[in-house]
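Reading through the structure tokens given below for one structure.
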Amino acid sequence: MTGSGLPGVVALSRAERRLIEGLRRAGAVNAGAARPLEGRGFQIDRLEKLLEVGVILEASPGVYYVDESAYERYRQGKRIGLLAVIAAVLLVALFLAIRSAL
């Protein structure tokens, strides 16, 4: 990782979860139940990212809801990406261990 590293990733995940959970608590899980976001406690860049990937949808200007199936696909993709990074690190470590043993 570059930049802020793991703490930055954890903070971003926390910010995403806060956005999603806030909309869920408000019952905003479909276009008919969409709600405005509370003005405090969320990061605009995380909102923009979740809008871009279709996890949060804008029913009308300033009124949002969570697409649960898109959120599940998004989370699955993040898990797969993390597993790929872990596998790559393990392969490099294995390669270096074998190389140093020769």
Side-chain angles (χ1 to χ4, degrees):
M1 307 240 138
T2 59
S4 58
L6 187 57
V9 171
V10 170
L12 292 178
S13 288
R14 203 173 299 145
E16 289 177 356
R17 281 193 308 272
R18 273 196 304 265
L19 277 166
I20 299 296
E21 290 305 318
L23 288 168
R24 283 177 171 163
R25 276 192 305 277
V29 294
N30 60 55
R35 300 278 185 261
L37 291 171
E38 294 181 14
R40 59 181 178 11
F42 74 89
Q43 296 175 348
I44 195 71
D45 61 325
R46 288 292 89 199
L47 173 61
E48 289 171 355
K49 171 67 176 174
L50 293 172
L51 284 165
E52 180 182 308
V53 297
V55 169
I56 293 178
L57 301 171
E58 193 170 20
S60 60
V63 181
Y64 304 94
Y65 68 98
V66 177
D67 180 330
E68 292 289 348
S69 60
Y71 184 50
E72 187 55 39
R73 287 189 305 273
Y74 176 71
R75 290 184 60 208
Q76 184 68 25
K78 286 178 80 172
R79 278 187 223 116
I80 291 169
L82 178 60
L83 289 174
V85 168
I86 291 169
V89 167
L90 290 174
L91 284 173
V92 168
L94 180 61
F95 172 77
L96 293 174
I98 291 170
R99 185 171 174 212
S100 67
L102 296 178

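No experiment lies behind these values; they were computed from the predicted model shown. Any value given below was found using the heavy atoms of this structure, including those in side chains, with hydrogens, waters and symmetry copies removed.
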Check whether [X] and [Y] end up in the same hydrophobic cluster, where Ile, Leu, Val, Met, Phe, Trp and Tyr are linked by side-chain heavy atoms less than 4.5 Å apart.
X   : Y   : result
L83 : Y74 : no
I44 : V55 : yes
L37 : L51 : yes

Please output the side-chain donor-acceptor pairs of residues 21-32 that fall under 3.5 Å, not counting sequence neighbours, one pair per line with the distance.
| from | atom 1 | to | atom 2 | distance (Å) |
| --- | --- | --- | --- | --- |
| E21 | OE2 | R24 | NH1 | 2.6 |
| R24 | NE | E68 | OE1 | 3.4 |
| R24 | NE | E68 | OE2 | 2.9 |
| R24 | NH2 | E68 | OE1 | 2.7 |
| N30 | OD1 | G32 | N | 3.1 |
| N30 | OD1 | A33 | N | 2.9 |

Approximate separation, where rounding is to 0.5 Å, of Y64 OH and L50 CG: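 Y64 atom OH to L50 atom CG measures 11.5 Å (nearest 0.5 Å).
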
Working to the nearest 0.5 angstrom, can you tell me the gap between K49 NZ and L19 CG?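 K49 atom NZ to L19 atom CG measures 13.5 Å (nearest 0.5 Å).
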
Indicate whether any N or O donor in one side chain lies under 3.5 Å from an N or O acceptor in the other, for R73 and Q76.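 No - no donor-acceptor pair under 3.5 Å links their side chains.
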
Answer yes or no: are there more than 12 heavy-atom neighbours, outside R79 itself, under 6.0 Å from its atom CZ?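 Result for CZ/R79: enclosed.
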
Connecting only ILVMFWY residues whose side-chain heavy atoms lie within less than 4.5 Å of each other, what is the rest of I86's hydrophobic cluster?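 In the cluster with I86 are L82, L90.
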
What's the verdict on side-chain contact (heavy atoms from CB on, under 4.5 Å) for Y71 and E16, showing C-alpha distance, side-chain angles and the deciding distance? CA-CA 10 Å; Y71 184 50; E16 289 177 356; 5.8 Å; no

Kindly write out the residues that satisfy salt bridge (charged side-chain N to carboxylate O under 4.0 Å, His left out) with E48, not counting sequence neighbours, or none if the list is empty.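 Expected list: none.
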
